Amino acid sequence: MTLQFELVSPEKQLRSGDVHQVVVPGSEGDFAVLEGHAPFMSTIRPGAIDVYETTSSGAERIFIEGGFAEVTDKGLTILAEHAQPVANIDVAGLSEKIAAAEAEVRAAPDDAHRELAEKKLAVLVAKREAAAN
Amino acid sequence: MASLKDLKNRITSVKSTQKITKAKKMVAAAKLRRAQERVEQARPYAEKMESVMASLGSRVVPGPEASPLLVGTGKTDTYLLVIATSDRGLAGAFNANIVKKARETADRLIAAGKTVKFYLLGKKGRAVIRRLYPDMIVHFQDFSDIKDPDFNYARAIANDIALRFEAGEFDVAQLYYSQFKSALVQVPTEQQIIPVPVDSHADEGAATGAIEYEPSEEAILDDLLPRNIAVQIFKGLLENGASEQGASMTAMDNATRNAGDLINDLTIQYNRTRQAVITTELVEIISGAEAL
């Protein structure tokens, strides 16, 4: 019972191989994908995915931003603009960045700019949450 | 006829030029390998994105609520030409070819009464465009602050372009870059990025009938459309990077060979002149001796 799992970022293919289960933070709620999942497509909110290599192994957590998941008969493919193992997140530097992003939201000249800045802030906050768990 | 000293100077100067072109060729060859790897590594993502866009784009019925990034603004009055060139020369006709491709379109559009705006990436395209189409450049940036453009860089450009689109600055955006085929062949390419061209893949959508979408097809599409622009620009920049090194390698290889030929010719001329000088001296000595 293995699931073919691929994690791709625009710069390179980060992971490709068989795993047991992947838990994905979908934009409308978390979902887990095992082998034989029905064809499915979903956007992903910024957050950590949990990859279980085997039934008994612990979760490998990878933080994903700007993601998109596609489940086909072949397996699960996650497209992520940015991916980083949760263990590598620099928690100390994060608070500064969040403060900077908050300032940017306040200083935005119009709605379009504000929307972009808010998105950036949401990603940073999600990153902090992922690191805290 | 040039004197011996002149010839010698020329040979030395051609030799030092050859050294430069040879070094640049080797640098380009080394960089080419890395740039090529980057292109190949970026391919899975771009391909996946393309197939998803194609299947979604053909399923969503263009309605009044559909994203303008997909269906356009309903007008084609103003064109934004995004031209990606490199910052450095010594790459043969690499930059000239890209600019030429863009100029053909620009001239055609202007002749048809459309407004054309230029969005320039890279130093080498600016001089020509500024001379030929003054006051039509809306944005210029070069790569001096970044060594290898990464995805965040491309995304920043895409965000800027999307903001301009929302502000109604243009109706159609085209991207110009050089597609990398091999070290010898690079194809200047024109690609429409806004609105997204999807209809060519319409038949592929039929195969994905049973897929469930969350939140909905339209929402996924809205989420992916701006991202797709970034992906396309990123792909263009990477292809450009590899093409530049390929073109540079070929151009420098030719230059090195030309310099070699030139050195051979000059050396032959130098030797002939030297012999002529010796002969003249001998004749002078012999006729001097005979006169005694």
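Per chain, numbering begins at 1; letters A, B, ... match sequence-line order. Please read all numbers here as calculations on a predicted model, not as lab measurements.
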Worksheet item: Are more than 12 heavy atoms from other residues, nucleotides or ligands located less than 6.0 Å from atom NZ of K120(A)?
Response: no
Item to complete: Could you tell me which portion of L224(B) (side chain, backbone, both or neither) has an atom closer than 4.5 angstrom to a non-hydrogen atom of chain A?
Response: side chain
Fill in: Close contacts, residues 74-83 of chain A versus chain B, judged by heavy atoms under 4.5 Å
T77(A), L79(A), A80(A), E81(A)
Worksheet item: What part of V52(B) lies closer than 4.5 angstrom to a heavy atom of chain A: side chain, backbone, both or neither?
Response: side chain
Worksheet entry | Cationic N near anionic O, under 4.0 Å, K12(A) to E37(B) | no
Worksheet, complete the sentence: Bottom line for L163(B): the part with an atom under 4.5 Å from chain A's heavy atoms is side chain
Discussion item. Counting C-beta onward and ignoring hydrogens, is there a side-chain heavy-atom pair between E11(A) and F234(B) closer than 4.5 Å?
Written reply: yes
Worksheet item: So does R45(A) pair up with E214(B), basic N to acidic O under 4.0 Å?
Response: no
Worksheet item: For chain A, which of R155(B), R43(B), R38(B) has the most heavy-atom pairs under 4.5 Å?
Response: R155(B)
Worksheet, complete the sentence: Between R227(B) and G67(A) the two heavy atoms that sit nearest each other are NH1-O, 3.5 Å
Worksheet entry | Criterion side chain to side chain contact (heavy atoms under 4.5 Å, CB included) on K48(B) and F68(A), from CA distance to verdict | CA-CA 11 Å; K48(B) 198 80 213 170; F68(A) 174 78; over 6 Å; no
Worksheet, complete the sentence: Heavy-atom closest pair (T43(A) atom, P215(B) atom, distance to 0.1 Å) is OG1-CD, 3.5 Å
